[in-house]
Amino acid sequence: MSFSNLGLSEKVLAAVAATGYTTPTPIQEQAIPHVLARKDVLGIAQTGTGKTAAFVLPMLTILEKGRARARMPRTLILEPTRELAAQVKENFDRYGAGQKLNVALLIGGVSFGDQDAKLTRGVDVLIATPGRLLDHTERGGLLLTGVELLVIDEADRMLDMGFIPDIERICKLVPFTRQTLFFTATMPPEIRRITETFLHNPQKVEVSKPATTAVTVTQSQVPAGKKAHEKRELLRRLLREAKDLKNAIIFCNRKREVAIVHKSLQKHGFSVGALHGDMDQPARMAALEQFRKGELPLLVASDVAARGLDIPEVSHVFNFDVPHHPDDYVHRVGRTGRAGRSGTAISIVTPLDQKSMVAIEKLIGQSIPRAEGDYEVHAEAGDATDRPREQRGRERSRGGRGKPQRGRDRERSHEPREARPSAEARPAPEARPAREPRPPREARPSPEPRHGSRPQANASHVPSIGRPEPRRQREADTEPGDHSHLPAFLLRPVRSPAGA
DNA sequence: AAAAAAG
């Protein structure tokens, strides 16, 4: 199968050929002919399946005829996040280069006036997040009565984000006779309901969901204490010792944690950017762009970066926090090992994360082995090296010890052994009540190598990544000023420990 | 439990 059989125009075929793609993905192969036949399409597909090109390419073909009128866009694409919207625009810029097409991006966080001026000139393709789009319509600068084709992308994610009322409002503003392309990864009842109202006799296109992680990704978990400073210290060690690390995304569960980890890595000399939804839009775009260009090899991010963002060639994904929702794990890990390339995903797992890990392993249908190497949780009880500043805001994880933990223990003991798929992968720690002191190291089973005969991730084998801190030194945390142990490409160009 | 999006 090739692109030339799908009914796309010569111009679009030439643009596709110029990018080097020769074979359409299943979703493209199935959806493109329906779009060109001006049918409604219900596409059930995850990100990473080539979904974006499945609507961009036929839209470009359709848009070759006719032109836009002022304030009346011809097509409208709704996206859940600003970054995804910007990415769709890049697709139009790339494949529509040979066409004089007006593409406008209507997202929050950037100048309203520039967007308004562009609308006045007339746009063929309007790509928007719901809030800013409604802002423009309410102020009267935008009329949706000329929209011939509407794309609702990542509908289930919009549902999660509470956008569905906005989407329903927007749908009332576009003509009833429009063509609608509706994409979702899953079909919860609420999504089913809106497909019935938004779509007319839709052609259903479904591709097998990669509800699992790619086989080319080497996954592992590393045990850690639940204290954030221990996790940050472990992260630094993992970054230094990682094999073949070219660039990495480090995921945190909270925006606050993203900021803290980012600052901490900066302080320790790493060349690192941050991405989360509380950053202003120029900073978000700059971070993403620098990371894409390779100017920053490391990116600390919230789940805003977990889905859909096309960042080629990410060699490593780190879960600084284990995601509480197993789907998010799949999405995060999906940032690496794309298009058959190899990738590495390493999760820092505290005792509190065990439940989440079991759910993740169940979802992906495989156990995630312990990383090779000497990764052990530091002594916790009465740790004399505790620094008070690290204890701020830790009340929740320390206080209320008795009740919740008793509850968890009880639950555990009622769980049948064979119902826990990964019991074999992680023998000792979670089988033991969390309150008991850990036995001496010698008594614990040593982590078994899980990945064939891969040599131990020892820094002496990977000179390019740097050497690990000696254990004693780690206890005391590294001197922020001393960056000599970091390989050059991970090193911040600015040597002064600014912003400390 | 949190993130995402309109200021």
Side-chain angles (χ1 to χ4, degrees), chain A residues 47 77-88 105-116 126-142 152-170 173 184-186 226 228 249-262 274-285 287-288 299-309 319-332 335 349-350 352-357 359-360 393-397 399-400 404 408:
Chain A
T47 52
I77 300 167
L78 297 171
E79 294 287 338
T81 69
R82 298 168 183 178
E83 276 77 14
L84 277 173
Q87 193 169 294
V88 171
L105 192 57
L106 255 51
I107 58 174
V110 294
S111 158
F112 191 95
D114 293 350
Q115 294 174 353
D116 194 58
L126 189 58
I127 305 155
T129 47
R132 184 55 75 92
L133 179 90
L134 286 168
D135 203 351
H136 279 277
T137 58
E138 278 156 17
R139 297 201 210 181
L142 173 61
I152 299 167
D153 199 13
E154 305 253 334
D156 52 348
R157 201 172 169 201
M158 300 227 219
L159 174 71
D160 288 346
M161 292 163 68
F163 283 172
I164 295 303
D166 284 349
I167 300 299
E168 289 181 309
R169 280 175 65 201
I170 292 164
L173 301 172
T184 182
T186 58
K226 60 194 172 192
I249 305 181
I250 299 147
F251 283 104
C252 303
N253 287 355
R254 295 171 192 78
K255 291 180 279 198
R256 226 185 97 246
E257 199 69 35
V258 170
I260 293 168
V261 171
H262 173 239
L275 184 65
H276 65 73
D278 275 355
M279 289 163 55
D280 65 60
Q281 194 57 22
R284 280 166 70 161
M285 286 171 158
L288 195 54
L299 185 69
V300 188
S302 69
D303 278 316
V304 70
R307 303 189 191 206
L309 288 193
N319 284 315
F320 183 82
D321 298 311
V322 175
H324 288 101
H325 208 294
D327 286 349
D328 289 328
Y329 178 88
V330 175
H331 286 293
R332 289 179 182 187
R335 298 301 93 205
V349 180
T350 74
L352 300 170
D353 297 321
Q354 293 301 339
K355 265 193 164 169
S356 301
M357 286 307 291
I360 287 163
R394 294 286 165 269
E395 295 80 6
R396 224 176 311 153
S397 53
R408 190 165 51 239

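Only a predicted model underlies this, so the values are computations on that prediction, with no experimental measurement involved.
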*OP1 or OP2 of B/dA5 under 4.0 Å from side-chain N/O of A/Arg157*: no
In whole angstroms, the gap separating P of B/dA2 from CG of A/Asp327 amounts to 19 Å
Contact class for A/Arg284 vs. all strands (heavy atom < 4.0 Å): base, sugar-phosphate, or nothing?
sugar-phosphate
### Query
Which part of the nucleic acid does A/Asp303 contact within heavy-atom distance under 4.0 Å: base, sugar-phosphate only, or nothing?
nothing
Residue set satisfying side chain to side chain contact (heavy atoms under 4.5 Å, CB included) with A/Asp114, at least two apart, ordered chain then number -> A/Ser111
To the nearest angstrom, the CG-P distance between A/Leu78 and B/dA5 comes to 14 Å
Separation of B/dG7 atom C1' from A/Leu133 atom CG, nearest Å, is 16 Å
From CD of A/Glu79 across to C1' of B/dA3 the rounded distance in Å is 17 Å
> Has the side chain of A/His324 got a donor or acceptor atom sitting under 3.5 Å from an opposite partner on the base of B/dA2?
Replying inline: no
Q. Counting only side-chain N and O atoms of A/Thr129, is one of them less than 4.0 Å from OP1 or OP2 of B/dA6?
A. yes
To the nearest angstrom, the CG-C1' distance between A/Asp135 and B/dA5 comes to 12 Å
A/Arg132 has its side chain closest, among B/dG7, B/dA4, B/dA1, to B/dG7
When rounded to whole Å, the CG to C1' distance for the pair A/Leu134 and B/dA5 reads 11 Å
Taking B/dA5, B/dA1, B/dA4 as options, the one with an atom nearest any side-chain atom of A/Phe163 is B/dA5
Rounded to whole Å, the CD-C1' distance (A/Gln281 to B/dG7) equals 14 Å
Of B/dA6, B/dA5, B/dA1, the nucleotide closest to the side chain of A/Thr81 is B/dA5
_Looking at A/Leu352, is its backbone amide N or carbonyl O close enough to the side chain of A/Thr350 to form a donor-acceptor pair, meaning the two atoms are under 3.5 Å apart?_
yes
Does A/Arg335 qualify as a cation-pi partner of A/Phe251, given the criterion of NZ or CZ under 6.0 Å from the six-membered ring centre and within 45 degrees of its axis? no
| query | Reckon A/Asp166 touches a base, only the sugar-phosphate, or nothing at all at heavy-atom distances under 4.0 Å? | reply | nothing
Using a heavy-atom cut-off of 4.0 Å across all strands, would you classify A/Gly162 as base, sugar-phosphate, or nothing? nothing
Distance-only, no hydrogens or angles: does the A/Asp280 side chain make a donor-acceptor pair with backbone N or O of A/Ala283 under 3.5 Å? yes
Closest to the side chain of A/Asp328, out of B/dA6, B/dA2, B/dA3, is B/dA2
Here the distance between atom P of B/dA6 and atom NE2 of A/His136, to the nearest Å, is 10 Å
A/Glu83 meets the salt bridge (charged side-chain N to carboxylate O under 4.0 Å, His left out) criterion, sequence neighbours left out, with A/Arg284
